[in-house]
Chemist: 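First the structure, which I've put down as structure tokens, then a few questions once you've had a look.
Heavy atoms only: backbone and side chains are in, while hydrogens, waters and symmetry mates are out. In this chain, numbering begins with 1 at the start of the sequence shown. Everything quoted here is computed from the prediction, not taken from an experiment.
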Amino acid sequence: MYERILIPTDGSDVAEAAVDHALDLAEKYDAEVHALYVVDIDSVNYSLGTEQVDRLKQGRFDEMEELKEKADEATGTVAERGAERDVDVVEHVAGGRPHKVIADYAEDHEMDLIVMGSHGRAGVRRALLGSVTERTLRSTHVPVLVVDYLEED
């Protein structure tokens, strides 16, 4: 049923909850998992200089150490947890508008399912879903499993 499962991750607790669900499915269906970290170029534009924004747009993430560390940690966590379950994980980092990058990646790599958290690192919840999750749902024809995360007080 599922051969390739996409997990967009930003390393947040919400994304981590989605990882558990995705790996359970991957293990059950012997599926390959793709961990995708998207650098939201629109949101970082305001805090970076022109040269750094140009690097991001060109996909030169290796030249930005802090960003590379965050991305590697987020996708690396998925890879480590996948290895514990004998699930193959492909790690990928891309820049752009997150919902568009996720939808395009899912289509380009023929994903069977996208598993993502109900809201991201920003922590601001809309009525039901985070804006990236909601926009992803509207941008793809690939089925999306949305995993809710309730923070403990």
Side-chain angles (χ1 to χ4, degrees), residues 2-23 25-26 31-82 87 89-151:
Y2 302 114
E3 293 179 25
R4 284 175 297 287
I5 299 172
L6 176 60
I7 306 173
T9 182
D10 60 5
S12 66
D13 290 341
V14 178
E16 293 299 308
V19 170
D20 288 334
H21 287 273
L23 291 176
L25 289 168
E32 177 181 77
V33 167
H34 290 236
L36 174 64
Y37 183 94
V38 180
V39 179
D40 185 347
I41 292 180
D42 289 341
S43 70
V44 296
N45 260 345
Y46 301 111
S47 62
L48 299 176
T50 307
E51 182 181 326
Q52 290 174 311
V53 171
D54 287 342
R55 284 183 190 159
L56 291 175
K57 288 181 178 177
Q58 294 169 14
R60 294 168 32 209
F61 306 111
D62 289 346
E63 297 175 23
M64 303 180 75
E65 195 59 40
E66 184 178 334
L67 179 63
K68 182 174 177 357
E69 285 177 20
K70 285 181 184 177
D72 288 348
E73 183 178 339
T75 61
T77 297
V78 178
E80 288 170 15
R81 290 168 63 185
V87 172
V89 176
V90 174
E91 297 178 68
H92 188 76
V93 178
R97 299 185 74 195
H99 70 281
K100 180 151 179 34
V101 172
I102 293 165
D104 289 348
Y105 188 96
E107 183 177 324
D108 294 346
H109 293 86
E110 299 178 351
M111 295 289 121
D112 300 304
L113 179 68
I114 301 170
V115 180
M116 60 192 304
S118 55
H119 57 287
R121 184 175 291 285
V124 177
R125 290 187 69 170
R126 298 179 83 186
L128 294 173
L129 300 175
S131 61
V132 171
T133 303
E134 183 178 332
R135 288 179 181 149
T136 300
L137 286 166
R138 296 174 193 270
S139 301
T140 185
H141 296 291
V142 175
V144 179
L145 172 61
V146 178
V147 178
D148 197 9
Y149 174 79
L150 299 175
E151 296 179 36

Chemist: For Glu110, check salt bridge (charged side-chain N to carboxylate O under 4.0 Å, His left out) against everything at least two apart and list the hits.
Modeler: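 Expected list: Arg4.
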Chemist: Identify the heavy atoms of Thr140 and Ala103 that sit nearest to each other, and give their distance.
Modeler: CB-CB, 4.0 Å
Chemist: Can you sort out the partners of Asp13 under side-chain hydrogen bond (donor to acceptor under 3.5 Å, both in side chains), two or more places apart, ordered by chain and number?
Modeler: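 By the side-chain hydrogen bond (donor to acceptor under 3.5 Å, both in side chains) rule, Asp13 matches no residue at all.
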Chemist: With side chains defined as the heavy atoms from C-beta onward, is the minimum distance between Ile102 and Met116 less than 4.5 Å?
Modeler: yes
Chemist: When rounded to the nearest 0.5 angstrom, what distance separates CZ in Arg135 from CZ in Arg97?
Modeler: 6.0 Å
Chemist: I want to check something: taking the side chain as every heavy atom from C-beta on, are Lys70 and Tyr37 in contact at a cut-off of under 4.5 Å?
Modeler: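 Lys70 reaches Tyr37 side chain to side chain.
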Chemist: What residues, two or more places apart in sequence or in another chain, satisfy side chain to side chain contact (heavy atoms under 4.5 Å, CB included) together with Val101?
Modeler: Leu36, Val38, Ala94
Chemist: Hey, could you give me the CD1/CG distance between Ile7 and Asp20, rounded to the nearest 0.5 Å?
Modeler: 9.0 Å
Chemist: With sequence neighbours excluded, what pairs up with Ala106 under the side chain to side chain contact (heavy atoms under 4.5 Å, CB included) test?
Modeler: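 Per chain and number, Ala106 pairs via side chain to side chain contact (heavy atoms under 4.5 Å, CB included) with Leu6, Met111, Ile114, Val142.
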Chemist: Residues two or more places apart in sequence or in another chain: which of them pass side chain to side chain contact (heavy atoms under 4.5 Å, CB included) with Ala35?
Modeler: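 Scan of Ala35 (side chain to side chain contact (heavy atoms under 4.5 Å, CB included), adjacent residues dropped) gives Thr75, Val78, Val89.
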Chemist: Are Thr133 and Ser118 close enough, and set up right, to give a side-chain contact (heavy atoms from CB on, under 4.5 Å), and what steps lead you there?
Modeler: CA-CA 6 Å; Thr133 303; Ser118 55; 5.7 Å; no
Chemist: Not counting sequence neighbours, which residues clear salt bridge (charged side-chain N to carboxylate O under 4.0 Å, His left out) with Glu91? List them please.
Modeler: none
Chemist: Write down the atom of Thr9, the atom of Gly11, and the distance for their closest heavy-atom approach.
Modeler: OG1-N, 3.1 Å
Chemist: Identify the heavy atoms of Asp10 and Ala15 that sit nearest to each other, and give their distance.
Modeler: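 What the structure gives for the nearest pair is OD1-CB, 3.6 Å.
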Chemist: Measure the CD1-CG distance between Ile5 and Leu113 for me, rounded to the nearest 0.5 Å.
Modeler: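 It comes to 5.5 Å.
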Chemist: Tyr105: which residues meet the side-chain hydrogen bond (donor to acceptor under 3.5 Å, both in side chains) condition with it, sequence neighbours left out?
Modeler: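 Listed in chain order: His34.
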Chemist: Would you compute the distance between atom OG of Ser139 and atom CD of Glu107 and round it to the nearest 0.5 angstrom?
Modeler: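 Ser139 OG to Glu107 CD: 11.0 Å, rounded to 0.5 Å.
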Chemist: For His21, check side chain to side chain contact (heavy atoms under 4.5 Å, CB included) against everything at least two apart and list the hits.
Modeler: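 Side chain to side chain contact (heavy atoms under 4.5 Å, CB included) list for His21, sorted by chain: Val115, Leu145, Val147.
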Chemist: Work out which heavy atom in Gly117 is nearest to a heavy atom in Ala18; give both atom names and the distance.
Modeler: N-CB, 3.7 Å
Chemist: Let me see the working for Arg81 and Glu16 under side-chain contact (heavy atoms from CB on, under 4.5 Å), right down to the final yes or no.
Modeler: CA-CA 10 Å; Arg81 290 168 63 185; Glu16 293 299 308; 2.4 Å; yes
